[in-house]
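The chains referred to below are lettered A, B, ... by the order of the sequence lines, with proteins before strands, and numbering in each begins at 1.
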Number of protein chains: 2
Amino acid sequence: MRLSTKGRYGLKAMFELALHSGEGPIPLKDIAESQNISEHYLEQLVATLRRAGYVNSVRGAQGGYLLSKEPKNITVGDVIRCLEGQIAPAECVMKDAADCNRESYCVTQTVWRKIRDSVNEVIDNTTLQDMVDDHIKNH
Amino acid sequence: MRLSTKGRYGLKAMFELALHSGEGPIPLKDIAESQNISEHYLEQLVATLRRAGYVNSVRGAQGGYLLSKEPKNITVGDVIRCLEGQIAPAECVMKDAADCNRESYCVTQTVWRKIRDSVNEVIDNTTLQDMVDDHIKNH
DNA sequence: TTAAATCCCTACTGATTCACTTGGAATTAT
DNA sequence: ATAATTCCAAGTGAATCAGTAGGGATTTAA
């Protein structure tokens, strides 16, 4: 039940972008350094977020990345799901899942569904702006 | 964020034991067959649960496994944690975690903590008895 | 008393995923 | 022109997953 570094690093990076939202493009180098992450690895994660439309890029010197929307319109769920795929403890409670067994009703599925829903509730109701506010409040 | 087969199969097995609680030892063969799981693999999972004190075993012909406590006194959290280790989306919010970075406060940690707590709330408040009741209600 | 049914234990294994690294090409500000 | 950046594709060592293999020990039933 651990998140991989994709989701973890990705959210850190998105938080950094949100923190400097409106200040023009931020180069990955800065984020990688401040978060102590391999720049080349982070590049791959941000590429995924870019293709999904959450960040825009500016190439060339003085280029970098910026959020494509306001921080309040991007949720933690958007970011994590983009990088990690659907968040569900078992395949049988993922969207488009095939029926997991011949029986029409399975009790463990009920448990997995509850776990899935509780996690999704948290991540879909926290935006990057919430994280920024939280950060400011604590400094 | 997927659970491995350890936790998934393990919970299914414990549910079967709870369902037949009070009927004497149930052989693994029956559980493995009814849940369509490799018996030898399940054996390893149940061994872990036995060593942790959640099930007792009876050796020899007509032997098998039984819950060591009443179904209402074993939670889903007990079972999953026993087989999968601590449930937390990131190391920094696990018990005994070293400080994740030089800064005293980290925003992503707040998110991970919320996820961790919401999952634990679900699994610690669902017992095997709840699953049995749910099963009976739906048949 | 022997055979069958069961649990118990250790080790091995092929496939997949993780967390990167390598090595460049294309683009743009200075 | 040069340096700073993004963009792209492929390779890699280590770890984990989901078992399998091959036995040994214990108990019941015939």
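Remark: side-chain polar atoms of E84(B) are paired, donor with acceptor, to backbone N or O of S4(B) under 3.5 angstrom.
Not one side-chain nitrogen or oxygen of T5(A) sits closer than 4.0 Å to the OP1 or OP2 atom of dC18(C). Put simply, S38(A) has a side-chain N or O that comes within less than 4.0 Å of OP1 or OP2 on dT21(C). Taking 4.0 angstrom as the limit, S57(B) places none of its side-chain polar atoms (N or O) nearer than this to OP1 or OP2 of dT6(C).
With hydrogens and angles ignored, no donor-acceptor pair under 3.5 angstrom links the side chain of R59(A) to the base of dT27(C). Judged by distance alone with a 3.5 Å cut-off, a donor-acceptor contact links the side chain of E43(B) to the base of dC8(C). Not a single donor-acceptor contact under 3.5 angstrom links the side-chain atoms of Q44(A) to the base of dC8(D).
For the 3.5 Å distance criterion, the side chains of E70(A) and Q129(A) fail to qualify, holding no donor opposite an acceptor. A donor atom on one side chain and an acceptor atom on the other are not found under 3.5 Å apart for E23(B) and H20(B).
Rounded to whole Å, the distance from CD1 on I31(A) to P on dT5(D) is 12 Å. Per the geometry, CD belonging to E84(A) stands 12 Å off C1' belonging to dA19(C), to the nearest Å. In this structure, Y41(A) atom OH and dC7(D) atom P are separated by 18 Å, rounded to whole Å. With rounding to whole Å, R50(A) atom CZ is found 13 Å from dT27(C) atom P. Per the geometry, CG belonging to L45(B) stands 12 Å off P belonging to dC17(D), to the nearest Å. Separating the NZ atom of K29(B) from the P atom of dC8(C) is a distance of 17 Å, rounded to the nearest angstrom. Note: OH (Y65(A)) to P (dA4(D)) measures 17 Å, nearest angstrom. Rounding to whole angstrom units, CZ of residue R8(B) and P of dC17(D) are separated by 11 Å.
Within the nucleic acid shown, R51(B) comes within 4.0 Å of sugar-phosphate atoms alone, with no base atom in reach, counting heavy atoms only. V46(B) comes within 4.0 angstrom of no nucleic acid atom, judged by non-hydrogen atoms across all strands.
Comparing E39(A) and Q62(A) by the nucleotide of DNA chain C whose heavy atom lies nearest to each, the residue mapping closer to the 5' end is E39(A). Between H40(B) and Y9(A), the residue anchored closer to the 5' end of DNA chain C is H40(B), taking for each the nucleotide with the nearest heavy atom.
The local environment of CD in E121(B) is sparse, with at most 12 non-hydrogen atoms from other residues, nucleotides or ligands closer than 6.0 Å.
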Next item on the list: I would like to know whether D124(B) and R81(B) meet salt bridge (Lys or Arg N to Asp or Glu O under 4.0 Å); could you show each step before the answer?
Entry: CA-CA 10 Å; D124(B) 288 333; R81(B) 238 173 258 118; 2.8 Å; yes

